[in-house]
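Following: one structure in structure tokens, then a few remarks.
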Protein chains: 4
Amino acid sequence: MSDMIDTLRHDEKMTPKQIEILKAAIELISEKGYYNTSTSEIAERAGVAEGTIFRHYRTKKDLLIKIVKPVITDFSASFFAEQFVHQVFREKYGHFEDLLYAFIKNRFEFAQSNVPLIKILLQELAFHPEIQTAYKRAFSEKVYPALNQAIDFYKQKGELRDLPNETIIRMVVPSVLGFMMTRFILKPDQNWDDEAEIKQTITVIMGGVGGT
Amino acid sequence: MSDMIDTLRHDEKMTPKQIEILKAAIELISEKGYYNTSTSEIAERAGVAEGTIFRHYRTKKDLLIKIVKPVITDFSASFFAEQFVHQVFREKYGHFEDLLYAFIKNRFEFAQSNVPLIKILLQELAFHPEIQTAYKRAFSEKVYPALNQAIDFYKQKGELRDLPNETIIRMVVPSVLGFMMTRFILKPDQNWDDEAEIKQTITVIMGGVGGT
Amino acid sequence: MSDMIDTLRHDEKMTPKQIEILKAAIELISEKGYYNTSTSEIAERAGVAEGTIFRHYRTKKDLLIKIVKPVITDFSASFFAEQFVHQVFREKYGHFEDLLYAFIKNRFEFAQSNVPLIKILLQELAFHPEIQTAYKRAFSEKVYPALNQAIDFYKQKGELRDLPNETIIRMVVPSVLGFMMTRFILKPDQNWDDEAEIKQTITVIMGGVGGT
Amino acid sequence: MSDMIDTLRHDEKMTPKQIEILKAAIELISEKGYYNTSTSEIAERAGVAEGTIFRHYRTKKDLLIKIVKPVITDFSASFFAEQFVHQVFREKYGHFEDLLYAFIKNRFEFAQSNVPLIKILLQELAFHPEIQTAYKRAFSEKVYPALNQAIDFYKQKGELRDLPNETIIRMVVPSVLGFMMTRFILKPDQNWDDEAEIKQTITVIMGGVGGT
DNA sequence: CATGAATGAGGGTTCATTCAT
DNA sequence: TATGAATGAACCCTCATTCAT
């Protein structure tokens, strides 16, 4: 759990207490939700006075945002910006399926080490406009363009049907998300053969969007 | 909006005030969430005194449950119990695709006339064990057995690959849910060609699970 | 003390609890000041739950305003609007001194039965823009015009020196206020011969502004 | 502004930081009042750490007292102790009016260069017993005796009516204070002909208390 | 002497719930 | 049955003050 925070990028150096607060907040909020978690609980679990929370995070909501934003940023940015697009065009992934595999694998591992954070993100997305905004921006600026480029690329190679990109994305994304939600949130305790599941998911997707 | 309630089964005869309260609660909670909606707001919009709410619903949470349970019950029960299974075996649906079409169509229409209720269900599912229990029971008692029977039936007819039922369900359900969530919740305002989308979704699913 | 509230005009009928709250707030705030009085103290002295205060007064500050505004309104309005001007021109007051006497006497009695309220007004005027606005408006719309008319009237009769009205007002008002503040706030416990003091004050004022 | 502090007597040698704190506190408190000014604000404007304030001033209230006491001391003491009485008896002021003029002029200039301090004094006088005590002592020990002597002196010369000293003081002091409050606090921005106003004020006072 | 992170008591406010009418 | 005034626990947040560095 403690490395969960480390995997995300936080701008400033954080004091030990700050980390403790963040960890406690993530645990509690992911278990019980934002509105069912009081700042005094967070303080208690963090081993800190309640006032200390507000020294580091102006508001309870600010704390939530500070928890959730890096997840959005990292989830959308890291993969795409640095490796994804470049490697597509360097022909690292011969087939769309290979790309899909690398993509899902990567996001899968990210999700795996950030389950509580992702739970919080999904749970609170509905209620906090600030999060929605950040989410939409990340998607439209990072994820969507990258996907678009990749789809165009594989279309030209005849690996994808000639459907509107929009449609293809709507086939791919929910399938992946649906799998991950089932895997990590709905039935996290079940025995999973992750490798097999990922391949299965890819098969489904390719059945729907793959070239004839 | 007003018929939304009528489409669901409520055990007892409801007084006009009770209906007014339910309607107000559904509107407000689906817009702003359970924790951001106060009972006084609900009372005000329902044109009722605050105390009246608690005459009909023991607690605020009881009100939520009374809103959400019929959705679960109906969503899972109605179709399967009365029409689905029977008609499958009466060979009404020659191919799995036909069944899938009827199934999605039916659930689609249900969702369409119950968007606010479904929003509430999805949003609050995460936070209220009572809802989770009801949901799980409905799924394991109603949906899962019905699906199982149908899958077995079409497997024997060679219309479905020889995958574990569990796996097939995991292909079908998230695809359908993913489509509906996108359609009704994430992008409800977009221009949708629903018929085409449903067929698209079926194609995807069949690509993944259909017999060779 | 209990009639203090009755002397002021409150728009709506007030419940007993509301009156109790108002009385407690007036007592405490006039003794210790707004910022040194907590809502829990007010509730306790009023024999009421803390929440009850906020049912009747949206905010602690709202409570303050509701206390102070009627003082301003009454202090400025009552006398002038209804009796003052009309009677001046009906020549009820033969000499300016007579008017001054009636005026001071009237305000003196008002002050006498509203000492705590006036203390609050004077103490908090400095810190709350809302009060300042109300005060300025009352003065410029009610008090100042009335004084102006009266002064013009007595100037024509040769009872007042030919000084700018502005100047005359600046002689009269601080003298009266200064007397009252000394009388009721700075040294309320001293033995006062009020009648003599009022006459004394008039003499001083007339010495400064009276016609030769 | 910076010389404001210099005009007052502070017992101990002050470090630069101490002066900075005092200046910041005076500015902020005179603008927003004692209770609306936090020690962290003062620290920030003074360019000092929060803890530093408490190194020099035991408590926040101690800081207030240290700000306000010199004003009281100086206002009451300086003039009277050193120049006033002695010069009265050296017949420097032939007439009571001359004394009054010198007196008002002197206090006027003092006020002029200490507006923020005087604002603080007036605003907080009501709420802090410590300040009230200091104020009363200063008045009864310094101002009152000096005035008494002077009044007796001019009474014997027939320049003042045979009223109780107490009464005469109550005519003089509020008039002067009333003028200054109007001048510096209520309407500081208006165009003032100070010399004329002072003379006007003297005329009023003499009209009230001057010998026949 | 100076710092600033940490404290924790206390503040104002909200709101689900109760109950006399 | 319906009301709505009253409740009081719980909440988020502020801030003067302390103390290890």
Side-chain angles (χ1 to χ4, degrees), chain A residues 15-18 20-21 34-44 46-63, chain B residues 15-18 21 34-44 46-64, chain C residues 15-18 20-21 34-44 46-63, chain D residues 15-18 21 34-44 46-64:
Chain A
T15 71
K17 301 245 166 189
Q18 225 175 118
E20 229 45 54
I21 291 168
Y34 177 76
Y35 290 108
N36 278 320
T37 305
S38 69
T39 50
S40 70
E41 271 178 296
I42 296 173
E44 194 183 21
V48 146
E50 206 175 345
T52 307
I53 293 178
F54 294 92
R55 173 159 287 280
H56 293 294
Y57 305 94
R58 282 178 17 272
T59 292
K60 191 191 174 192
K61 186 158 242 162
D62 183 47
L63 174 58
Chain B
T15 71
K17 301 240 167 191
Q18 233 178 110
I21 292 168
Y34 178 75
Y35 289 106
N36 284 319
T37 303
S38 66
T39 50
S40 70
E41 270 177 298
I42 295 172
E44 192 185 22
V48 145
E50 267 202 81
T52 308
I53 292 179
F54 292 90
R55 201 147 275 290
H56 294 291
Y57 305 93
R58 276 181 22 270
T59 65
K60 189 190 174 190
K61 183 161 249 163
D62 182 48
L63 173 58
L64 177 67
Chain C
T15 72
K17 299 244 168 189
Q18 223 176 116
E20 228 45 53
I21 292 168
Y34 177 76
Y35 290 108
N36 277 321
T37 305
S38 68
T39 50
S40 68
E41 272 177 296
I42 295 172
E44 194 183 21
V48 148
E50 207 175 344
T52 307
I53 292 179
F54 293 92
R55 173 159 286 279
H56 293 293
Y57 305 93
R58 282 181 15 273
T59 292
K60 190 190 173 193
K61 186 159 239 161
D62 182 47
L63 174 58
Chain D
T15 72
K17 300 238 168 191
Q18 233 179 108
I21 292 169
Y34 177 76
Y35 289 106
N36 283 318
T37 303
S38 67
T39 50
S40 70
E41 270 177 298
I42 295 172
E44 193 185 23
V48 147
E50 267 202 83
T52 308
I53 291 178
F54 293 89
R55 202 146 275 292
H56 293 292
Y57 305 93
R58 278 179 25 267
T59 65
K60 190 189 175 192
K61 185 161 246 165
D62 181 46
L63 174 57
L64 177 66

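Proteins come first, then strands; the chains are lettered A, B, ... in the order of their sequence lines, and each starts at number 1.
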Out of curiosity, D:Gln18 CD to D:Thr52 OG1, how far, rounded to the nearest 0.5 Å? 11.0 Å

Taking OP1 and OP2 of E:dA16, is either one under 4.0 Å from a side-chain nitrogen or oxygen of B:Lys61? no

From CD1 of C:Ile21 over to P of E:dT13, roughly how many Å is that when rounded to an integer? 14 Å

5′-ward residue of the pair C:Pro16/A:Glu50 relative to DNA chain F: C:Pro16

Each stem that DNA chain E is part of, given as range with range (3 or more consecutive Watson-Crick or G-U pairs, under 3.5 Å): E:2-21 with F:2-21

Nearest atoms (heavy-atom pairs only) where B:Asn36 meets A:Tyr35: ND2-OH, 3.0 Å

Under the ring pair (Phe, Tyr, Trp, His ring centres under 6.0 Å) test, which residues partner A:Tyr34, sequence neighbours left out? A:His128

side-chain contact (heavy atoms from CB on, under 4.5 Å) between B:Thr15 and B:His56: does it pass, once the steps are laid out? CA-CA 10 Å; B:Thr15 71; B:His56 294 291; 3.9 Å; yes

Could you list by number each residue of residues 34-41 of chain C showing a heavy-atom separation from DNA chain F of less than 4.0 Å, or answer none if no residue does? none

Please name the residue in the list D:Thr59, D:Asp62, D:Ile21 that meets the side chain to side chain contact (heavy atoms under 4.5 Å, CB included) test with D:Ile53. D:Ile21

After noting the C-alpha distance and the side-chain angles of B:Val48 and B:Ile42, does the key distance pass the side-chain contact (heavy atoms from CB on, under 4.5 Å) rule? CA-CA 8 Å; B:Val48 145; B:Ile42 295 172; over 6 Å; no

Among side-chain atoms of C:Thr39 and C:Glu50, is any donor-acceptor pair under 3.5 angstrom? yes

I'd like to check the salt bridge (charged side-chain N to carboxylate O under 4.0 Å, His left out) partners of A:Glu41; sequence neighbours left out, ordered by chain and number. A:Lys32

By a strict heavy-atom criterion of less than 4.0 Å, which residues belonging to residues 52-60 of chain C are in contact with DNA chain E? C:Phe54, C:Thr59, C:Lys60

Between which nucleotides of DNA chain F, read 5' to 3', does contact with chain A run, using atoms under 4.0 Å from its heavy atoms? F:dC11 to F:dT14

Shortest non-hydrogen contact from A:Glu20 toward A:Ala46: CG-O, 3.3 Å

Mapping A:Lys17 and D:Gly47 onto DNA chain E by nearest heavy atom, which one lands closer to the 5' end? D:Gly47

Between CD1 of D:Ile42 and P of E:dG4 the distance, given in whole Å, is 17 Å

Would a distance-only check, ignoring hydrogens and angles, find a side-chain to backbone donor-acceptor pair under 3.5 Å from B:Lys60 to B:Phe54? no

